Amino acid sequence: MEQHKRTVTCGELRAADAGRHVVLNGWVHRNRDHGGVHFINLRDRYGITQVVIDEGAPVELTGIADELRFEFVVAVGGVVRARPPEMVNPEMATGEVEVAAQSVHILTRSETPPFMIDERSDAREDLRLTYRYLDLRSFSMQRKIKLRHDVTFRVREYLHREGFYEIETPTMIRSTPEGARDFLVPSRTHRGAFYALPQSPQLYKQILMVSGFDRYFQIAHCFRDEDARGDRQPEHTQIDIEMSFVGKDDVFALVEGMFAHVFSHTIDRKLETPFVRLAYDDALNRYGSDKPDMRFDLELRDFGSFAADSDFKVFTGVLESGGAVKVLVVPGAAEYSRKQISDLEETAKTYGAKGLAWMKLTDAGLDGGVSKFFASRTAEISEAFGASPGDLLLFVADTWTTACTALGAVRARLGRELGLIDPAEFRFAWIVDFPLFEWNEEKQGWDASHHMFTMPQEAYLSSMESDPGPVKGDLYDLVCNGVELASGSIRVHDPEIQRRIFSIVGFPEEEAERRFGFLLESFRYGAPPHGGIAPGLDRLVMLMAGESTIREVIAFPKNTVGICPMDDSPSAVDPAQLDELGIRIVEPPPDE
RNA sequence: GGGGGCGUGGCGAAGUCGGUUUAUCGCGCCGGCCUGUCAAGCCGGAGGUCGCGGGUUCAAUCCCCGUCGCUCCCGCCA
């Protein structure tokens, strides 16, 4: 290799380099044979450079040129020369020049690849994942992986400057199942005992605060044994952050500064800070989601007052049982066909709505659907909701939560269908004032809606036991463009409040002691007030890259069924390994 | 656990609704021609049990049933 080592990359030569002797290393991206003249596009991470083998070249050179196929790895020695003006390629960064080859050395050959390394290659995803190393050669993947590197670099740069220490926490920890299922790692030396892979470094970062580390962060891998989605993998990465002696405003300011720094230094975007804050109740009321896409308006409104006075039994019935009637006014959508409306209804039903009522506002008044119940009040309704002729009104009547979320799903769909979304925009918002507890119908009791270490807001401290429903916690999400980007909270550091929360959610103290006694014990030795947040790195880079699945920004992702098609994991293991661990595989009982 | 979509030469797609021919097109592959292309061009060629199994039929890529794989969504994911 020594004599073939590159002196320049494939992305850097310009007109000013004309006359230089250079050596290039790279992959054969194209080989165009014009019967005498060969044009070889040589590709590496940095770009593409055109290599020319002139007709007058020695026979051994043209012979090698004839042999070159896609993805051969070659070393080319030659002289840089400026292209004649009419042959400059303005599409290429190196388009002003070409390298006249004096030697071409094949470093390795390649079989015909299963798909082309090309921006336009559109191989199906599992094939791309099977041959991920080929897929990753494409410039579009190289760009995304570089962006991910740039983001983590700028995160580290920013947090370092802000006085944070990056501290690693263990990947094999005690299983403390609470939310998602744990991945378990069997111990050989302690037969029958298991480590768990962390769902997040939550407990450890809190203990680091007790340890006096004040400001901690970590680019941490987190593992959850739950079904995957476009924005969810069994294994993902979060920017884990925890701070002592802070309130949520301090956390918000830090994260806003960090995002502004990252966006400005990676994709050259100035973010407006501070980010908008939106109470959970308002987010649901207005957008029908706790992670609203605020790049377009189309807000939900309350139709309760009109519904209550109507003869429409479906609406009045829902209201009488304490539910809500929400309306969405869709400008200009009165042309929607019954088929289109019924498609929208399917979306609403997916989220638990029993149906999607509708009517149209025409020049002649309300028309179609449920209009006969409201036609007499056309003027009032138009006035109240700012509706104009040509608009479509859509309704969901149900419990408040279902009415909001179902119509919110319709809103999200319409935002896409009607082209209301500017894909280049980033609309951040803090969602605050989440309820601390939620009612669990099954167990007929209260659950922690985030986790049990979240601090109740001070105003609710005295009424926590008597009326848990309205209690708001000091927890917050950061959302952007309909994606939940981060989640965090101010933690409980007072053992007494902690005890009260355990008791409200019916969590036995001995159980708490067994699962995370080590955390609770640490709190008995002077725990500082603390709080933190954990932005998801994959989702962040996904948004920045304009992608819709995090698989596009992970070098080696699993597919939606948790399989890595490249190494074919998970796999069966050698029986001897199982013997050592004392594990026996039990076949599932045959299905009925 | 539930629902939707997809599965056709190496790759991407058409054909399937409404049954019957050498299953079509682009890319790639192989061979040939061609001094300037840059998604090069032109000519010729090879390559497919239409995911798999079963059923209906004179006849199935197409219809029916089942199954597998991938994907999107609901549930789940503090």
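Note that this is a predicted model, so its numbers are computed, not measured. Here is the naming used below: chain letters follow the sequence lines, and residue numbers restart at 1 for every chain.
Side-chain contact check for Asp538(A) versus Ile554(A): some heavy-atom pair is nearer than 4.5 Å. Annotation: side chain of Asp118(A) is not in contact with side chain of Phe139(A) (no heavy-atom distance under 4.5 Å).
Residue-to-nucleotide contacts include no donor-acceptor pair under 3.5 Å from the side chain of Arg128(A) to the base of G12(B). Taking only distance into account, the side chain of Arg232(A) meets the base of C77(B) through a donor-acceptor pair shorter than 3.5 Å. At a cut-off of 3.5 angstrom, counting only N and O atoms as typed in the model, there is no donor on one side facing an acceptor on the other between the side-chain of Glu111(A) and the base of G10(B). Judged by distance alone with a 3.5 Å cut-off, a donor-acceptor contact links the side chain of Arg83(A) to the base of U37(B).
Within the 6.0 Å centre-distance limit, the rings of Phe252(A) and Trp430(A) are counted as a close aromatic pair.
Close to C70(B), at under 4.0 Å from its OP1 or OP2, lies a side-chain N or O of Asn559(A). Dashed line: the shortest gap from a side-chain N or O of Arg124(A) to OP1 or OP2 of U8(B) is under 4.0 Å. Of the side-chain N and O atoms in Arg32(A), one or more sit less than 4.0 angstrom from OP1 or OP2 of A40(B).
Nucleic acid contact for Asn41(A): sugar-phosphate only, since backbone atoms but no base atoms lie under 4.0 Å from a heavy atom of the residue. The residue Arg81(A) sits close to a base: some heavy atom pair falls under 4.0 Å. Counting non-hydrogen atoms under 4.0 angstrom, Asp225(A) reaches nothing in the nucleic acid. As judged by a 4.0 angstrom heavy-atom cut-off over every strand, Met452(A) is placed among residues making no nucleic acid contact. Across all strands, Ile48(A) comes closer than 4.0 Å to no nucleic acid atom at all (heavy-atom distances). Glu125(A) comes within contact range of the sugar-phosphate backbone alone, with a heavy-atom separation under 4.0 Å but no base atom that close.
If you take atom P in C65(B) and the same atom in C77(B), they sit 35 Å apart, rounded to whole Å. Spacing between C6(B) and A46(B) at atom P, rounded to whole Å, works out to 33 Å. Taking the C1' atoms as reference points, C33(B) lies 43 Å from C70(B), given to the whole Å. Atom name P, nucleotides G26(B) and U37(B): the rounded distance is 23 Å, in whole Å.
Under the Watson-Crick or G-U wobble criterion, with both distances below 3.5 Å, G44(B) is paired with C30(B).
Taking the ring axis of Phe556(A) as reference, the NZ or CZ atom of Arg551(A) does not stay both within 45° of it and closer than 6.0 Å to the ring centre.
Regarding Gln50(A), its CD atom lies at a distance of 10 Å from the P atom of C38(B), rounded to whole Å.
A stacking contact links His34(A) to A40(B): the aromatic ring centre lies within less than 5.5 Å of the base's six-membered ring centre, and the planes differ by less than 30°.
Test Arg143(A), Arg132(A), Lys144(A), Arg539(A) against Glu552(A) for salt bridge (charged side-chain N to carboxylate O under 4.0 Å, His left out) and you get one pass: Lys144(A).
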